[in-house]
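We number each residue from 1, following the sequence as shown. Since the structure is predicted, the reported quantities are computational estimates derived from the model, not experimental observations.
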Amino acid sequence: MENKSPNLLMKFLALPLVFLLCFCHVSVASTEKKKTYIVHMAKSQMPASFDDHTHWYDSSLKSVSDSAQMLYTYTNVLHGFSTRMTQEEALSMENRPGVVSVLEEVKYELHTTRTPEFLGLDRTADMFPESDSMSDVVIGVLDTGVWPEVRSFEDTGLGPVPSSWRGECESGTNFNSSFCNRKLIGARYFSKGYEAILGPVDESKESKSPRDDDGHGTHTSTTAGGSSVADASLFGYATGTARGMATRARLAVYKVCWIGGCFSTDILAAIDKAIDDNVNVLSMSLGGGGSDYFRDSVAIGAFAAMEKGILVSCSAGNAGPSSFSLSNVAPWITTVGAGTLDREFPAYVSLGNGMNYSGVSLYKGVSLPTKMLPFVYAGNASNSTTGNLCMTDTLIPEKVSGKIVLCDRGVNARVQKGVVVKAAGGAGMILANTAANGEELVADAHLLPATAVGQTSGDKIKSYLFSDANPTATILFEGTKVGIEPSPVVAAFSSRGPNSITPAVLKPDVIAPGVNILAGWSGAVGPTGLASDNRHVEFNIISGTSMSCPHVSGLAALLKGAHPEWSPAAIRSALMTTAYAVYKNGKPIQDTATGKPSTPFDHGAGHVDPVSAHNPGLIYDLDVNDYVGFLCALNYTAIQISTLTRKNFTCDPTVKYSLTNFNYPSFSVPLQSAVLGRGGSGSGSGSGSIGSTVVKYTRTVTNVGASSTYTVSVNLQSESVKVLVEPDTLSFSELNEKKSYTVTFTASSMPSNSFSYGRLEWTDGKHVVGSPIAISWT
Ligand SMILES: *[C@@H]1O[C@H](CO)[C@@H](O)[C@H](O)[C@H]1NC(C)=O
Ligand SMILES: *[C@@H]1O[C@H](CO)[C@@H](O)[C@H](O)[C@H]1NC(C)=O
Ligand SMILES: *[C@@H]1O[C@H](CO)[C@@H](O)[C@H](O)[C@H]1NC(C)=O
Ligand SMILES: *[C@@H]1O[C@H](CO)[C@@H](O)[C@H](O)[C@H]1NC(C)=O
Ligand SMILES: *[C@@H]1O[C@H](CO)[C@@H](O)[C@H](O)[C@H]1NC(C)=O
Ligand SMILES: *[C@@H]1O[C@H](CO)[C@@H](O)[C@H](O)[C@H]1NC(C)=O
């Protein structure tokens, strides 16, 4: 033993040295590596020695870092600030008294002439009177800014800016505060968080001001609240009157998205200001937040907005058709998926074998000759294994010159593929979907004659290409066609449920037009958004849930103008319970991804119907206490809850919080796929048979119509579930009278990944108040 001790001693001596070296190394590395953090403080714990909370924030920050500067201080969305710190400093910050949480910066991503008619808004002048209350509504849009010269921002006929308005029109590069008017009443930009990470805004590429150099923000804001512009179109496509959903509402833009993305510190700062400014609706076509509400800046900001009576409408995401692909699922957010319009831009492929296939295109320019041209598959004309995708510099000019080239969709941008074909001397392009996109067609303003076809047609065209010795083809452009049926259909790209954060809340809430939407555009970029596209357009046609979200934001503004007393939850309820999930012929709304009927996980309550939403009969209301109860039912800790509520709230241990009583206008019933033979596990008593689960949901409806008696009906095509509603009649004699009912689901055990869908409706003969039902066994 003893003769070993020198060795041990050596080891002991050596170890601290190694550790010391390691520590040096780590600490050098970590001082260099600063990240942006958002620090939530408990304002109630501010020591009396501070007269001002910013002094307290500052002193807390100085105590962990001498050099750190505040990027923003926040007052509405949270009490606290954002700053650059090392990870070590962030950890010691988290342990300081009065600090609720320290969250790392997250980068978010950005995800119409005919739409008003399609939604029936042209028939409703009397329902949505162009009243003063309507023009008092302000829609705030968080996006890439605004191109104020687009005629949709003209303010003809609008009265003075509402007296409640507290916002500003900020000047900056290429933007003068004089650009604001009675339509565009506010414009701000938020770049501190962006610049802290990526360095100063490169003014040769984007303007450090509310100016929109991208087009997305101009498109979304004009969709929500643009004035009417006669004879708008993109190269003659979709010609007609372009108008936003709420033509009399006011617009305030908050630029938070830059070439490098949209950063959470900037998003929070913008929502903070929008609340101070007194917006009524917030429209956010972006997503990418965390896996929990208390980590997601959009959810945190939206909670504060909801408390102030602001409806927050967000895009559901473009990650469909995969399940569990939704963004922005917090129940205080209105989550919007995308459907098609009854409008298409057909461009047919005609082949040498006499066959025709329908595609879509927004190409404008010199047409192809009507005689057939030689036709080639990009995969056979390339020096790369990914040549079929028409990636940059992969096509061999000798093999494509003067020919129509078929490229597969995917990986690079659709319009970019056209640029690659054109650069190699190709005469035209056929863009074929693969299984990833199925039959979903998105029309693009290509820079060469081109059309997009679905997978089925694409496969047939390829089999001709591969079997014919001298294949030929041409493309015939047919302009704009309306009256397309069926419509709407759910867009394949529209993100789908189930809700992965809270399965008991059905999301998305609704779908709205999001495919081939015409709206205002930036003068800084062409319609394709490509650097090589030098064309300038005032209106552009693009697709995404980014486009469907502002439709709902505008409709919410219409409802807010007509019913100023309605809460955000009441407005959403009206949009949901009057949405339709079947066509006029009674057939269910289809899903582009499958060619089959869509489900509530695809379309939520259905497609919005603003005419009915104006007069929904009954609403499902929710207030701040209901949302806090929801957080208690999720078993959130006091810290997690106060990150959202900014208040020190302790869930009452004597209250049994339950998601089944959360007064949402839809029913999502997640069940365990029980092992056969096991007894029921639900809250019900004797009514369940062996092996079945009984769950009871409670809802409360508020009468917003005349005195009336409603009766219930439930349509659920499933042998596995029985539904009992008690009572089955609700009578109302007064406005704002509330009545409750329970829904008992008795479900047999089913294999995992089984689903049943249905609909519950209350009707008094005049109103139909519908709620979707989605039951899932996992
Ligand atoms: C902004 O516009 C006003 C009025 O047109 C003009 O007087 C002013 O010089 C402009 N400011 C800038 C910075 O261009
Ligand atoms: C394809 O379209 C062309 C031009 O519209 C037409 O002449 C031709 O008859 C069509 N062929 C088939 C098989 O429909
Ligand atoms: C073209 O590509 C397809 C698919 O990769 C292949 O089946 C076919 O043999 C190729 N044709 C020629 C002429 O190389
Ligand atoms: C493929 O061909 C293109 C066009 O001729 C050329 O620019 C590119 O360098 C080639 N790539 C390879 C890997 O040979
Ligand atoms: C919350 O905790 C209760 C009691 O442990 C449990 O029954 C319930 O399922 C939990 N809720 C959630 C959403 O995890
Ligand atoms: C919350 O309130 C409880 C009791 O009222 C108190 O003990 C606790 O320190 C408070 N926490 C915060 C973060 O303010």
Side-chain angles (χ1 to χ4, degrees), residues 76 121 124-140 159 161-166 224-225 245-246 248-250 252 274-283 302-313 331-334 509-510 552-579 608-628 663-665 699-708 710 730 732-740 762 764 766-767 769:
N76 298 307
L121 282 181
T124 58
D126 44 340
M127 287 192 179
F128 292 105
E130 307 224 320
S131 64
D132 291 344
S133 69
M134 178 57 61
S135 65
D136 283 346
V137 180
V138 182
I139 306 169
V161 168
S163 58
S164 58
W165 181 241
R166 299 279 171 272
M245 295 296 101
R248 313 257 326 151
R250 317 299 178 122
I275 291 172
D276 277 337
D277 291 351
N278 271 329
V279 304
N280 304 104
V281 174
L282 265 181
S283 191
F303 196 98
M306 171 275 295
E307 283 184 274
K308 295 279 163 60
I310 299 166
L311 181 135
V312 181
S313 160
W332 48 90
I333 288 173
T334 301
D509 293 310
V510 287
V552 166
S553 311
L555 296 179
L558 285 179
L559 293 173
K560 182 73 186 172
H563 305 282
E565 72 286 2
W566 282 7
S567 70
I571 293 171
R572 177 179 55 197
S573 174
L575 288 166
M576 287 174 69
T577 62
T578 59
V608 287
D609 177 5
V611 179
S612 312
H614 181 257
N615 184 11
L618 305 174
I619 52 152
Y620 295 78
D621 210 352
L622 286 163
D623 64 18
V624 180
N625 293 329
D626 297 312
Y627 290 114
V628 174
N663 203 34
Y664 218 71
R699 292 290 186 268
T700 301
V701 282
T702 307
N703 180 33
V704 294
S707 302
S708 202
Y710 287 81
L730 297 173
F732 298 89
S733 52
E734 281 171 58
L735 189 64
N736 294 326
E737 193 178 350
K738 289 180 189 289
K739 288 272 163 83
S740 295
W762 290 98
D764 64 349
K766 284 198 210 83
H767 308 95
V769 187

Provide the closest heavy-atom pair for [X] versus [Y] in the form atom of the first, atom of the second, distance.
X: Gly554; Y: Ile139; value: CA-CD1, 4.1 Å
X: Ser553; Y: Ala224; value: CB-CB, 4.4 Å
X: Trp165; Y: Ala252; value: CH2-CB, 3.5 Å
X: Leu622; Y: Asp626; value: CA-OD2, 3.3 Å
X: Ala569; Y: Tyr627; value: CB-OH, 4.0 Å
X: Ala574; Y: Ile619; value: N-CG2, 4.4 Å

With sequence neighbours left out, the residues meeting ring pair (Phe, Tyr, Trp, His ring centres under 6.0 Å) with Trp566 are His563

Less than 4.5 Å apart, side chain to side chain, heavy atoms only: is that true for [X] and [Y]?
X: Val704; Y: Pro616; result: yes
X: Val628; Y: Phe303; result: yes
X: Asn703; Y: Glu734; result: no
X: Thr577; Y: Leu618; result: no
X: Asp276; Y: Arg166; result: no
X: His767; Y: Asn615; result: yes

Show your working on side chain to side chain contact (heavy atoms under 4.5 Å, CB included) between Met306 and Val312 and close with a plain yes or no. CA-CA 7 Å; Met306 171 275 295; Val312 181; 5.6 Å; no

Show the numbers, then the answer: is there a side chain to side chain contact (heavy atoms under 4.5 Å, CB included) between Ile310 and Ile275? CA-CA 8 Å; Ile310 299 166; Ile275 291 172; 3.9 Å; yes

Kindly indicate, with the supporting measurements, whether the criterion side chain to side chain contact (heavy atoms under 4.5 Å, CB included) is fulfilled by Val769 and Tyr620. CA-CA 10 Å; Val769 187; Tyr620 295 78; 4.1 Å; yes

Side chain Asp764, main chain Ser708, donor-acceptor under 3.5 Å: no

Does Val279 offer a backbone N or O that forms a donor-acceptor pair with the side chain of Asp277 under 3.5 Å? no

About how many Å separate [atom2] of [Y] and [atom1] of [X], when rounded to the nearest 0.5 Å?
X: Asp136; Y: Ser163; atom1: CG; atom2: OG; value: 7.0 Å
X: Arg572; Y: Leu559; atom1: CZ; atom2: CG; value: 13.5 Å
X: Met576; Y: Asp609; atom1: CE; atom2: CG; value: 14.5 Å
X: His614; Y: Thr578; atom1: NE2; atom2: OG1; value: 11.5 Å
X: Trp762; Y: Arg699; atom1: CH2; atom2: CZ; value: 12.5 Å

Just by distance, with hydrogens left out, do Asn663 and Thr700 show a side-chain donor and acceptor under 3.5 Å apart? no

Under 3.5 Å, is there a donor on one side chain and an acceptor on the other for Asp509 and Tyr664? yes

Applying side chain to side chain contact (heavy atoms under 4.5 Å, CB included) to Leu311 and Lys560, what does each step give before you reach the verdict? CA-CA 9 Å; Leu311 181 135; Lys560 182 73 186 172; over 6 Å; no

